[in-house]
Structure formats: structure tokens, C-alpha cells
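Dumping the structure here so I can ask a few things about it.
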Amino acid sequence: MIEKIETMVPEHYNSEQHVGSGRSSGRVSLTMADMGLSTIIGAKNNDATGKSLSADMKNTFYRLRIWDSRSRSHSIDKSLRSAFILLNSIKEKLAVPDTVVENTAHLYRKALSKKLTRGRNIAGVISASLYISCKEAGIPRTLADIADASNISVKDLSRHVRVLVKNLDLKLEAYDSSEFVTRIASIAQISEKTQRGALNILSDAKEKGATEGKNPVAMAASSLYLSCMMNNEDKSQRKIAAASGISMVTIRTRARFLVQTLNLSNVFA
């Protein structure tokens, strides 16, 4: 059955074609263990006209119900159900779009078909699948965001991400620092003018190659801090640190780096 999972999911899956709100929608969804395609054998012993079934037919349906129940308890089915229950919980916490959630389910099924879940915890694999899906869709969610929502460590999540990227032959582009500016600014209640200033700082830094290898969230937070100073907007390092999840020490360090790189000595002492 493991081998069949891969063939049931198109290699170039378009989640927008299959996003459904649940079983009642009657649409296929990869976020359901059976993808919404299973049937349920009822407990009634009547036919469509309401006529009672014969003794032999009752015995036949009894055996079918048993087989159906056993098939639903298969280990693969249990893994999928557990993973997608957790995925739904994380989705609510992080407010990620349905298209990303569907692609996450697609990646998890691929990992399961390649037996990458063996010896690894379900939370780690499904969370890693979500992180990868967010990166592919350009949705700014950090390792720390997803690790916190799924109640695992960043180290554990990072390890699972590496396993999936390597074994599923994935290529992930690094996040652009500018993707985090709006998010941090919204939490810290920073004005749009200051946000535009931060984006200009990041753009200049990127042209000079100063963002390569740097934590994109830290660079976004530091650029916002500098832009606040340039626009006389009273936002403390502490508030920006709390909004971004980056320490004040890191923000100061990255701010000094940007000042030196972009010659902004009149802004930061």
C-alpha cells in the first residue's frame, strides 16, 4: 500500500484545484487520510427500498464492515490521520493559506511513500513539510515560528527539514529579508513610511551583497530599527525584538553592520 500512495498523488500537484473545507464539500483533499475518496459501510440491514436483507446478505455485509474497519486502522492510515490532525492545529496557529496546507500534505505523503517517516516522529516530519511549503510559496514563517506552533525544538525541526530536502531532491531559496518587514512592523505597530524606509535600507544592502548568509528576520528587524531612528518614530529595540523574536543584542549588531556598510553614520552612533 505504501507504494500506491505516490501514484495517487500527481507529481505536479495543483492544490488550488483540490482545496476543500472538509468531507461535506465532496471534493478531494490531500489533508484527509483517505483524500475524501473512501466509502462508509452503514450499520443498517435494509436495502435501498427499505426491505430487510436476507440472512446470507447480512453476513456478507457484516464481514465487509469488519474488513473496512481493519483497513482504516492500518499503520499508514494512522500516520496520516495523526499528521493531518497536527497540521490542522498548526495551520490555525500560524494562519497559513489552504494552498500551503495542501502542498504540505502532498510532501508528507511523498515522505511516507519513501519511508522517510521510519524512526522519526510525525510532528517533526509534518512540521518540516510545512516549513518547506511556506518557503516554496513565499510565506514568511521561520523555523522558530513553526517549531513553537508544533511544540518541537528548532534543532529537531531543522534536522527533519534537511532530511526531506535531501531525500525528496528539493531546492529551497533563502527567504528575502524584505518578506519579514511587514510582518514585524504590523506586530510592533510601525508606520508605513518607516516600513518603506526599512525596505530601502534592505534593498541597498542587498545590492552590496550585505544580506548574504545573514538571518533574514534579524536583517528585517535591524532595518526597521534604523528606519525608526531616521524617521523619528519612537520604537524601542525591546519592542522590535519582541515583535521579531530576535534578541536586542543581535539587532544592535546587525544595525551597526548596516550603518558601516551603507555609510549611515549620521543615524547610528
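No experiment lies behind these values; they were computed from the predicted model shown. We number each residue from 1, following the sequence as shown.
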*Could you tell me whether Asn151 atom CG has more than 12 heavy atoms of other residues or ligands within 6.0 Å of it?*
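Incorrect, the count does not exceed 12.
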
*Same apolar cluster (I L V M F W Y, side chains within < 4.5 Å links), Leu86/Tyr131*: yes

With a 3.5 Å cut-off and sequence neighbours excluded, list the donor-acceptor pairs that the side chains of residues 198-206 form with protein atoms.
from	atom 1	to	atom 2	distance (Å)
Asn200	ND2	Arg196	O	3.3
Lys206	NZ	Asp176	OD2	3.1

*Donor-acceptor contact below 3.5 Å, side chain Glu136 vs main chain Leu172*: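 Here the side-chain-to-backbone pair does not exist.
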
*Between the main-chain N or O of Ile240 and the side-chain N or O of Ser244, is there a donor-acceptor pair closer than 3.5 Å?*
yes

_Test item: Ile152 and Ser127 side chains (from C-beta on) under 4.5 Å apart, heavy atoms_ = yes

*Should Val165 and Ile139 be regarded as members of a common hydrophobic cluster, given that ILVMFWY residues are connected when their side-chain heavy atoms come within less than 4.5 Å of each other, either directly or indirectly?*
yes

*State plainly whether one hydrophobic cluster holds both Leu170 and Leu157, where clusters connect Ile, Leu, Val, Met, Phe, Trp and Tyr through side-chain heavy atoms under 4.5 angstrom apart.*
yes

*Quick one: is the NZ or CZ of Lys235 closer than 6.0 Å to the six-membered ring centre of Tyr225, and within 45° of its axis?*
no

_Before you tell me yes or no, could you show the steps for Asp145 and Arg183 under salt bridge (Lys or Arg N to Asp or Glu O under 4.0 Å), namely the whole-Å CA-CA distance, both residues' side-chain angles and the distance that decides it to 0.1 Å?_
CA-CA 12 Å; Asp145 291 334; Arg183 182 180 168 202; 2.7 Å; yes

*What distance do Asn231 atom CG and Lys193 atom NZ have between them, rounded to the nearest 0.5 Å?*
5.0 Å

_Nearest atoms (heavy-atom pairs only) where Lys114 meets Leu168_ =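 That would be CD-CD2, 3.4 Å.
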
*Hey, could you give me the CE/CD1 distance between Met219 and Ile246, rounded to the nearest 0.5 Å?*
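It is 11.5 Å, given to the nearest 0.5 Å.
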
*Test item: Thr194 side-chain N/O and Ile190 main-chain N/O as donor-acceptor pair under 3.5 Å*: no

_With heavy-atom distances below 4.5 Å as the criterion, would you say the side chains of Val100 and Arg141 are in contact?_
no

*Can you get from Met229 to Leu258 by hopping between Ile, Leu, Val, Met, Phe, Trp and Tyr side chains that sit under 4.5 Å apart?*
yes

*What's the spacing between Gln237 CD and Lys239 NZ if we round to 0.5 Å?*
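One gets 14.5 Å once the value is rounded to the nearest 0.5 Å.
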
*asked:* If hydrophobic clusters are built by linking Ile, Leu, Val, Met, Phe, Trp and Tyr wherever their side-chain heavy atoms come under 4.5 Å apart, do Leu224 and Ile187 end up in the same one?
replied: no

_Could you measure the distance from the CG atom of Leu143 to the NZ atom of Lys135? Nearest 0.5 Å is fine._
8.0 Å

_Spatial distance of atom OG1 (Thr253) from atom CE (Met248) [nearest 0.5 Å]_ =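 Separation between the atoms: 12.0 Å.
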
*asked:* If we ignore hydrogens and angles and just use 3.5 Å, is the side chain of Ser158 paired with the main-chain N or O of Val154 as donor and acceptor?
replied: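 Checked: no pair found.
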
*Rounded to the nearest 0.5 Å, how far does NE2 of His160 lie from CD1 of Ile132?*
11.0 Å

*Step by step, would you call Thr142 with Tyr175 a side-chain contact (heavy atoms from CB on, under 4.5 Å)?*
CA-CA 9 Å; Thr142 64; Tyr175 273 125; 5.9 Å; no

Kindly list each side-chain donor-acceptor pair under 3.5 angstrom involving residues 87-97, sequence neighbours excluded, with atom names and distances?
from	atom 1	to	atom 2	distance (Å)
Lys91	NZ	Asp98	OD1	2.6
Lys93	NZ	Ala149	O	3.0

*Could you verify whether a donor N or O on one side chain and an acceptor N or O on the other, from Glu233 and Ser191, lie under 3.5 Å apart?*
yes

*asked:* Give me the atom names and distance for the closest heavy-atom approach of Val125 to Leu164.
replied: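 Between these two residues, the closest heavy atoms are O-CD1, 3.9 Å.
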
*Mind listing the closest non-hydrogen atom pair of Ser223 and Val181 along with its distance?*
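Shortest heavy-atom contact: OG-CG2, 4.4 Å.
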
*Minimum heavy-atom separation for Arg254 to Ala218, with atom names?*
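Shortest heavy-atom separation between Arg254 and Ala218 comes out as CG-CB, 4.2 Å.
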
*Are the side chains of Thr211 and Pro216 in touch, meaning some heavy atoms are under 4.5 Å apart?*
no

